[in-house]
Amino acid sequence: MRENIVIGADHGGYRLKEEVKAYLTEKGYPIIDKGTDSEASVDYPDIAARVARAVQAGEADLGILICGTGIGMSITANKFKGIRAAVVHDAYTAEMSRRHNDANVITFGGRVVGAGVAFSILDAWLGSSFEDGRHARRVGKIGEFERNHS
Ligand code: RB5
């Protein structure tokens, strides 16, 4: 079954968000859009928080965040417990972020990648799954740090 996906972008990622939404809808993914709704300037942390909270709450299985570079979105999303947000700009790191890091949010830059690369990133990410085993131990340690050292 297709995962539920929540998506969000600031003004730097708005256009690419619309393209990504159309691409994934066409592929049969249910998409929840948390904004923004135009190219008017907004603050990326507000959008990252909406997407991170939707994943935390189980409203969606996975999240996609797009800003100018993907960096601000990933920094913000990773402040939310249980969120593992990976900023990626190529298909290989997208795939590995899921297989080894169990990334439940992916971020990239609308000023860095075009639609074609974004689609290949998403195909790689959504087409992979967590490998478990030694990777589960390592991802478990991330959760431990979150619980005990923050
Ligand atoms: C907005 O100009 C830009 O700073 C934002 O989209 C993002 O790239 C931040 O990391």
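The analysis underlying the following values was restricted to heavy atoms, covering all of them including side chains, and did not include hydrogens, waters or symmetry mates. Both ligands and their constituent atoms are indexed starting at 1 by order of listing.
With ligand atoms numbered from 1 in the order given, ligand 1 contributes 5 (C), 6 (O), 7 (C), 8 (O) to contacts under 4.0 Å with heavy atoms of Gly68. Short contacts between ligand 1 and Gly72, defined as distances under 4.0 Å to a heavy atom of the residue, involve ligand atoms 9 (C), 10 (O).
Remark: minimum distance from atom 5 (C) of ligand 1 to any protein heavy atom is reached at Asp10 OD2, 3.2 Å. Regarding atom 1 (C) of ligand 1, its nearest protein heavy-atom neighbour is His11 NE2, 3.6 Å.
Contact between Arg111 and ligand 1 is present, with at least one heavy atom of the residue lying under 4.0 Å from the ligand.
More than 12 heavy atoms of other residues, nucleotides or ligands shown are found within 6.0 angstrom of CZ on Arg2.
A donor-acceptor distance shorter than 3.5 angstrom exists from the side chain of Lys17 to the backbone of Thr36, with no hydrogens or angles considered.
Listed by chain and residue number, Tyr23 satisfy the ring pair (Phe, Tyr, Trp, His ring centres under 6.0 Å) test with Phe119 (two or more places apart in sequence, or in another chain).
Under a hydrophobic clustering in which Ile, Leu, Val, Met, Phe, Trp and Tyr are joined whenever their side-chain heavy atoms come within less than 4.5 Å, directly or via other members, Ile31 and Trp125 fall into the same cluster.
Summarising the hydrophobic clusters (Ile, Leu, Val, Met, Phe, Trp, Tyr; side-chain heavy atoms under 4.5 Å, direct or chained), the residues clustered with Ile71 are Ile75.
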